[in-house]
Each structure stands twice: as structure tokens, then as C-alpha cells.
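See below for the structure under consideration.
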Amino acid sequence: MEGQRVLITGGGSGIGQRLAERFAEAGARIALCDADPAAIARLEAAHPEMIAAHADVTDEAQMGRFLDQVEAQWGGVDVVCANAGTGGPAGRIEDLDYDAWQACIGVNLHGAFLTCRWAATLMRQQGAGLILLTSSTSGLHGVPYRAPYVAAKWGLVGLTKTLAMELGPAGVRVNAIAPGAVEGERMERVVAMEAKASGRPEAEVREIYAKGSSLRTWVSADDLADMALFLASPSASKVSGQVMAVDGHTESMV
């Protein structure tokens, strides 16, 4: 990865931050954005060598400024991780708020569209590149009480397959990573939200997630970074259009 140009959305915390750290450790140059200005300020202080910008992935103007800055400084890009996401609301479909539905779809799916549209333009011109979308095992299975999130993550799988077909002849690969239950603050919020929606204790919800995989375990952000680094390596040069689950093999989402 020495000298490779890697752009990551939602890079201010969680999976995105770990992707940035691991790609940087492998020698890559990093550009990232996040909707949390405090996270960006922290990263700028800790990693002044990175391009770090405050940008909402659903705001075309904000993303345009960030992407233009990256293009002006780098002249191209080698790996784009369309990683920004949000858990969205939890509840029965008849109880969900439309604005909350739109917000969840917006961050997870529309944000990926804006990022991939830019990446596709540059990579087609280069004749090379990798677009890596962060979907979810929820993009492979139905999940009660999580309709907006599931719909968005299934949409990302369809986007991955379609872009792989569109860009493959130009030498550009497109894949998705489908995380299972990832250790960290974000999943703790999801557990609390699902517990409230289902009436189950939080400990029971956590156990359901663990027992739902063949390995009976959650995964870490490093597990996902390992997969991302593999997909960005020469060893994966013929891997495209794939959804790579990093989840201990999901057996059940209920």
C-alpha cells in the first residue's frame, strides 16, 4: 500500500477510523471526511499528514468541496471506501417516522452514491482502482424492527454488483464488506435501540447477536480492516462484484 491514495467516508470513528489507521500503517496516504466536526478536529491534531474534512455525505455541496480538494491535491485516487453509515431508527414499520426513514437511507445509500459517482469518474480515466462499500449482514438477511437500515444495506449490495459490471471493463474493481455485529459504541447504541423496540433486555439482544453466528462471537473493526487491506492488495486483483461477509457466518438475525 506504500504511496496508495485512499479515501474514506465516515472516517472519524468506529470502522472508518480503524480503516484509516490501518491503511496509513501500511504506507497509504489518507483522505477522510466525517459529519462530526469534533472527530475531524481530533484527527487533524493527531494525524496532520492526513486530509481530514468535515462533510455530511448526504450534502452534495459539502461532499463536492471535500472531493474537489482531494482531487486537486492528489490528482487521482486508488482506493475509495464508501463507509459512512448510520443505524437509523428501530421499531415496527407502522410506527416509523418518515423523516427518520429518509435520514437513514440518505446517509447509508445516497452518501454512497455521491462518493461512488466521483470515484467512478476518476478511476475510469485512470483505468484502475478499487471502490469498497460498507454494507452489512443486514444487507443479506431481513432483520425485524430495522427496516430502514436493512433496506439501505440491501441497496448497497445492488449498487456494488451494478458498479462492478459498469466499471469492470475499465479495469476498476468494486466490492462490498458485510460486517456482522462489530464491537464498539455504535453497536451498543443499536443494542439499546433494539432492546427498547422489541421489549427484550439489552443483555439478551447482545447474546442473540453472538449466538446468531456460527463462531458465536462479535467481530472487531480490525477484522474488517484485515479484509479491506486484502481486497486492496494485488492478491485480490481478480476479486470484483463480491460481498465479503466478515461476521463469523451469520445463521440467524432474529
Mind checking the [atom1]-[atom2] spacing from [X] to [Y]? Nearest 0.5 Å is all I need.
{"X": "Glu183", "Y": "Tyr209", "atom1": "CD", "atom2": "OH", "result": "14.0 Å"}
{"X": "Leu96", "Y": "Cys104", "atom1": "CG", "atom2": "SG", "result": "9.5 Å"}
{"X": "Ile30", "Y": "Gln4", "atom1": "CD1", "atom2": "CD", "result": "10.5 Å"}

Identify each donor-acceptor pair in which a side-chain atom of residues 161-172 lies under 3.5 Å from a protein atom, sequence neighbours left out, and give them as a table.
unit_1: Lys161; atom_1: NZ; unit_2: Gly241; atom_2: O; d: 2.8
unit_1: Thr162; atom_1: OG1; unit_2: Gly158; atom_2: O; d: 3.0

Side-chain contact test, heavy atoms from C-beta onward, threshold under 4.5 Å: evaluate it for [X] versus [Y] and give yes or no.
{"X": "Ser135", "Y": "Ile177", "value": "no"}
{"X": "His141", "Y": "Thr250", "value": "yes"}
{"X": "Leu32", "Y": "Ile40", "value": "yes"}
{"X": "Thr134", "Y": "Asn108", "value": "no"}

Residue pair [X] / [Y]: nearest heavy atoms and the distance that separates them:
{"X": "Cys81", "Y": "Phe23", "answer": "SG-CE1, 4.2 Å"}
{"X": "Ser136", "Y": "Lys153", "answer": "CB-CG, 3.8 Å"}
{"X": "Trp101", "Y": "Pro148", "answer": "CE3-CG, 3.4 Å"}
{"X": "Ala28", "Y": "Val6", "answer": "CB-CG2, 3.7 Å"}
{"X": "Glu202", "Y": "Ala195", "answer": "CG-CB, 3.7 Å"}
{"X": "Leu109", "Y": "Gly155", "answer": "CD1-C, 3.8 Å"}

I'd like to know if the side chain of [X] reaches the main chain of [Y], judged simply by a donor and an acceptor atom lying under 3.5 Å from each other, with no hydrogens or angles considered.
{"X": "Trp218", "Y": "Asp247", "value": "no"}
{"X": "Asn83", "Y": "Gly11", "value": "no"}
{"X": "Thr9", "Y": "Ala84", "value": "yes"}
{"X": "Thr115", "Y": "Ala82", "value": "no"}
{"X": "His110", "Y": "Thr58", "value": "no"}

#### Entry: Pairs meeting criterion salt bridge (charged side-chain N to carboxylate O under 4.0 Å, His left out) with involvement of residues 30-42, two or more places apart
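Found none.
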### Task
Keeping to residues at least two apart or across chains, list the salt bridge (charged side-chain N to carboxylate O under 4.0 Å, His left out) pairs with something in residues 55-83.
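Output for this query lists Arg5-Asp78, Glu60-Arg117.
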#### Entry: Candidate list Thr121, Leu133, Thr160, test side chain to side chain contact (heavy atoms under 4.5 Å, CB included), partner Cys116, passing option
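Passing option: Leu133.
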### Listed partners of Glu204 passing salt bridge (Lys or Arg N to Asp or Glu O under 4.0 Å), at least two apart
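Salt bridge (Lys or Arg N to Asp or Glu O under 4.0 Å) check on Glu204 returns Arg200.
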### Query
With sequence neighbours excluded, what pairs up with Arg173 under the salt bridge (Lys or Arg N to Asp or Glu O under 4.0 Å) test?
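Counting only residues at least two positions away or on another chain, Arg173 forms no salt bridge (Lys or Arg N to Asp or Glu O under 4.0 Å).
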Let me check something: do [X] and [Y] share a hydrophobic cluster, defined by ILVMFWY side-chain heavy atoms less than 4.5 Å apart, either directly or through other members?
{"X": "Ile93", "Y": "Val150", "value": "no"}
{"X": "Val79", "Y": "Met244", "value": "yes"}
{"X": "Met50", "Y": "Met1", "value": "yes"}
{"X": "Ile131", "Y": "Leu156", "value": "yes"}
{"X": "Leu7", "Y": "Val57", "value": "yes"}

Can you list everything that forms a side chain to side chain donor-acceptor pair (under 3.5 Å) with [X]? Sequence neighbours excluded, please.
{"X": "Asp95", "result": "Arg92"}
{"X": "Asn175", "result": "none"}
{"X": "Glu44", "result": "none"}
{"X": "Gln242", "result": "none"}

### Query
Does the salt bridge (charged side-chain N to carboxylate O under 4.0 Å, His left out) test come out yes or no for Glu188 and Arg206, once each step is laid out?
CA-CA 9 Å; Glu188 287 304 315; Arg206 288 192 194 89; 2.8 Å; yes
### Task
Give me the other members of the hydrophobic cluster that Leu140 sits in, counting Ile, Leu, Val, Met, Phe, Trp and Tyr linked by side-chain heavy atoms under 4.5 Å, directly or via other members.
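Under the 4.5 Å side-chain rule, Leu140 groups with Val157, Val243.
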#### Entry: Stacked cation flag Arg146 on Tyr149, 6.0 angstrom / 45 deg
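Yes; both conditions hold, so Arg146 lies above the ring face of Tyr149.
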Mind listing the side-chain donor-acceptor pairs of residues 122-129 below 3.5 Å, one per line with the distance, residues two or more places apart or on another chain?
unit_1: Gln126; atom_1: OE1; unit_2: Val77; atom_2: N; d: 2.9
unit_1: Gln126; atom_1: NE2; unit_2: Val77; atom_2: O; d: 2.9
unit_1: Gln126; atom_1: NE2; unit_2: Ala128; atom_2: O; d: 3.1

Let me have the donor-acceptor pairs involving side chains of residues 219-235, under 3.5 Å, with sequence neighbours excluded, atom names and distances please.
unit_1: Ser220; atom_1: OG; unit_2: Asp222; atom_2: N; d: 3.4
unit_1: Ser220; atom_1: OG; unit_2: Asp223; atom_2: N; d: 3.2
unit_1: Ser220; atom_1: OG; unit_2: Asp223; atom_2: OD2; d: 3.2
unit_1: Asp222; atom_1: OD1; unit_2: Arg18; atom_2: NE; d: 2.8
unit_1: Asp222; atom_1: OD1; unit_2: Arg18; atom_2: NH2; d: 3.1
unit_1: Asp222; atom_1: OD1; unit_2: Arg22; atom_2: NH1; d: 2.8
unit_1: Asp222; atom_1: OD2; unit_2: Arg18; atom_2: NE; d: 3.3
unit_1: Asp223; atom_1: OD2; unit_2: Ser220; atom_2: N; d: 2.8
unit_1: Asp226; atom_1: OD1; unit_2: Arg22; atom_2: NH1; d: 3.2
unit_1: Asp226; atom_1: OD1; unit_2: Arg22; atom_2: NH2; d: 2.6
unit_1: Ser233; atom_1: OG; unit_2: Phe230; atom_2: O; d: 2.6
unit_1: Ser233; atom_1: OG; unit_2: Ser235; atom_2: N; d: 3.3

### Message
Under the criterion side-chain contact (heavy atoms from CB on, under 4.5 Å), I'd like the reasoning laid out for Ser213 against Glu251: C-alpha separation, chi angles, the key distance, then a yes or no.
### Response
CA-CA 5 Å; Ser213 76; Glu251 297 178 7; over 6 Å; no
